[in-house]
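Below: the structure, in structure tokens.
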Amino acid sequence: MNTIKIGGVPEHFNLPWHLSIEDNSYSKKNIDLEWTSYPGGTGAMCEALRNKDIDIAIILSEGIIKDIIAGNPSKIVQTYIQTPLIWGIHVGAHSKYTNLSELKNTKAAISRYGSGSHLMAYVNAENQGWKTSDLQFEVIKNLEGAVEALTKGSADYFMWEHFTTKPLVDNGTFRRIADCPTPWPCFVIAVREEILTSKKEEIKTILDIINTTTTDFKHIPSIDKTLALRYDQKLEDIQKWLQITEWSQSNIKSDTLLKIQNHLLSLGIIDKKYTPEELLYSI
């Protein structure tokens with residue numbers, strides 16, 4: 001049995017992975033696919049790839065592109081979610097802030113530097129016409145840390161996926177004052193280069209299985225109810241999310257890579273651009 005270690009956020013996007021692991025799709029092909037959840041998100045997974053804690057990451061496009069340029073020895077092998085991620089912009093229940101414009105020059109809670117919550121704070125600031133050099137950050141590691149920071153007031157706002165944080169909005173922990181969609185496909189599949197060299201056929205098999213699963217995912221009977229139950233979501237929220245979410249079975253386009261890098265470059269998040277060949281690997 002070939003062991004391959006994979007990581008992703010503990011969110012509804014990744015249910016196709018869990019279903020295909022649970023039905024032994026990989027073990028039938030002599031692959032032991034070991035899943036690790038990363039509540040800390042993209043920054044934590046970039047570190048895990050660098051440290052060889054995982055071989056594959058289901059990771060935010062902008063985050064892994066930034067980290068590959070910064071020296072992460074990994075490549076993008078495929079887009080996973082074709083549609084944008086909807087980032088909710090949240091404040092604490094008792095915050096004095098009630099609209100987005102009031103958050104200028106306040107402190108953003110981020111899971112870690114290089115994470116999606118960090119990079120999207122720049123995208124949001126640019127959208128609002130704020131000076132990105134004025135952004136302030138409080139590192140909170142994960143969603144639980146954000147609850148503590150916004151409740152205690154050590155940070156003023158927090159950006160995280162709209163539907164994942166919806167239960168915290170519903171129960172009055174957070175107030176969501178705006179949404180900020182990514183201007184590109186949100187999740188890609190990245191693999192360490194060492195694994196692409198040594199276990200290329202196994203990676204190809206894994207991609208074939210997950211692509212078959214995601215192609216049919218929305219048509220699984222009562223999949224909305226399964227998602228709502230497993231991820232503690234309201235059924236109507238999951239149904240809205242399913243309507244706006246599309247999985248992909250192909251690699252990210254060169255013009256999309258250019259768009260993301262131009263955006264990151266303009267925000268000062270990267271200092272150079274890579275060619276598609278330096279970021280992508282074709283299985």
Side-chain angles (χ1 to χ4, degrees), residues 1-42 44-61 63-64 74-83 85 116 142-143 161 163-164 185-196 198-233 238 241-242 245-252 281 283:
M1 192 78 78
N2 290 289
T3 298
I4 304 281
K5 297 178 180 180
I6 184 170
V9 290
E11 296 175 9
H12 35 294
F13 296 93
N14 285 324
L15 184 58
W17 289 102
H18 296 292
L19 294 181
S20 54
I21 290 170
E22 290 162 13
D23 71 7
N24 298 314
S25 293
Y26 307 99
S27 58
K28 289 172 186 173
K29 298 291 187 179
N30 202 37
I31 296 169
D32 178 20
L33 191 63
E34 292 185 358
W35 179 274
T36 299
S37 287
Y38 284 86
T42 287
M45 284 185 278
C46 285
E47 188 176 319
L49 286 168
R50 286 172 176 263
N51 294 341
K52 303 184 181 182
D53 295 330
I54 53 174
D55 305 313
I56 305 173
I58 316 307
I59 195 162
L60 291 175
S61 307
I64 190 60
S74 301
K75 288 280 198 289
I76 297 168
V77 297
Q78 190 186 298
T79 304
Y80 179 61
I81 300 291
Q82 181 62 38
T83 41
L85 193 72
N142 52 35
L143 192 52
E161 198 272 328
F163 293 94
T164 302
C186 57
F187 282 109
V188 295
I189 302 172
V191 183
R192 292 195 296 113
E193 290 179 321
E194 178 186 345
I195 297 298
L196 288 170
S198 63
K199 296 185 177 180
K200 181 178 178 179
E201 287 306 311
E202 287 83 355
I203 297 300
K204 184 179 186 303
T205 299
I206 289 167
L207 293 180
D208 288 343
I209 291 169
I210 194 61
N211 287 338
T212 299
T213 305
T214 58
T215 297
D216 298 329
F217 182 69
K218 286 191 181 185
H219 305 293
I220 297 172
S222 301
I223 192 62
D224 53 349
K225 295 182 178 65
T226 302
L227 282 158
L229 184 64
R230 287 182 69 147
Y231 293 93
D232 193 24
Q233 297 275 340
I238 284 295
W241 173 76
L242 281 169
T245 302
E246 296 294 338
W247 281 262
S248 173
Q249 293 78 37
S250 57
N251 214 336
I252 193 165
Y281 186 92
I283 294 291

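Scope of the values below: all heavy atoms of this structure, side chains included, with no hydrogens, waters or symmetry mates.
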Worked verdict on Ile195 versus Ile56 for side-chain contact (heavy atoms from CB on, under 4.5 Å): CA-CA 9 Å; Ile195 297 298; Ile56 305 173; 5.7 Å; no
Tyr281 vs Ile203 side-chain heavy atoms within contact, under 4.5 Å: no
For Ile59 against Cys46, the heavy-atom pair lying closest together: CD1-SG, 3.8 Å
Check: Pro185 main-chain N/O paired with Ser61 side-chain donor or acceptor under 3.5 Å: yes
Derivation of the side-chain contact (heavy atoms from CB on, under 4.5 Å) call for Asn24 and Lys28: CA-CA 6 Å; Asn24 298 314; Lys28 289 172 186 173; 4.2 Å; yes
Mutual orientation of the aromatic rings belonging to Trp17 and Tyr26 [parallel < 30°, tilted 30-60°, perpendicular > 60°]: parallel
Donor-acceptor under 3.5 Å (Lys75 side chain, Val191 main chain): no
From Trp241 atom CH2 to Leu227 atom CG, the distance as rounded to the nearest 0.5 Å: 5.5 Å
Distance (rounded to the nearest 0.5 Å) between Thr42 OG1 and Phe187 CZ: 6.5 Å
Approximate separation, where rounding is to 0.5 Å, of Ile223 CD1 and Asp216 CG: 11.5 Å
Glu11 side chain to Thr164 backbone, donor-acceptor under 3.5 Å: no
Glu47 vs Arg50 side-chain heavy atoms within contact, under 4.5 Å: no
Single hit among Thr214, Thr212, Thr79 for side chain to side chain donor-acceptor pair (under 3.5 Å) with Gln249: Thr214
Lys/Arg-Asp/Glu bridge criterion (N-O < 4.0 Å) met for Lys52, Glu194: yes
Any side-chain heavy-atom pair of Thr3 and Glu34 under 4.5 Å: yes
Side chain Asp32, main chain Met1, donor-acceptor under 3.5 Å: no
Lys218 and Glu246 ion-paired at < 4.0 Å: yes
Val9 versus Gly41, closest heavy-atom pair with distance: CG1-CA, 3.8 Å
Min side-chain heavy-atom separation Leu19-Arg230 under 4.5 Å: yes
Test item: Ile76 and Ile64 side chains (from C-beta on) under 4.5 Å apart, heavy atoms: yes
Spacing of CG belonging to Asp224 relative to CG belonging to Leu229, to within rounding of 0.5 Å: 11.5 Å
side-chain contact (heavy atoms from CB on, under 4.5 Å) assessment of Val188 paired with Leu60: CA-CA 6 Å; Val188 295; Leu60 291 175; over 6 Å; no
Side-chain heavy-atom pair Leu15, Thr226 within 4.5 angstrom cut-off: yes
Whether Asp23 side chain and Ser25 backbone form a donor-acceptor pair below 3.5 Å: yes
Side-chain heavy-atom pair Ile206, Lys29 within 4.5 angstrom cut-off: no
Shortest non-hydrogen separation from Pro39 to Ser37 and the atoms involved: CD-O, 3.4 Å
Donor-acceptor under 3.5 Å (Ser248 side chain, Ile81 main chain): no
Interatomic distance, Ile58 atom CD1 to Cys186 atom SG [nearest 0.5 angstrom]: 11.5 Å
Reference residue His18; test ring pair (Phe, Tyr, Trp, His ring centres under 6.0 Å); the match among Trp35, Tyr231, Phe217, Phe13: Trp35
Chi angles and distances behind the side-chain contact (heavy atoms from CB on, under 4.5 Å) call for Gln78, Asn211: CA-CA 10 Å; Gln78 190 186 298; Asn211 287 338; 2.7 Å; yes
Non-hydrogen atoms of Ser20 and Thr213 that approach each other most closely: CB-OG1, 3.8 Å
Worked check of side-chain hydrogen bond (donor to acceptor under 3.5 Å, both in side chains) between Asn30 and Glu202: CA-CA 9 Å; Asn30 202 37; Glu202 287 83 355; over 6 Å; no
Thr245 side, atom OG1; Gln82 side, atom CD - distance, nearest 0.5 Å: 11.5 Å
Carboxylate-amine/guanidinium proximity below 4.0 Å for Asp55 and Arg192: yes
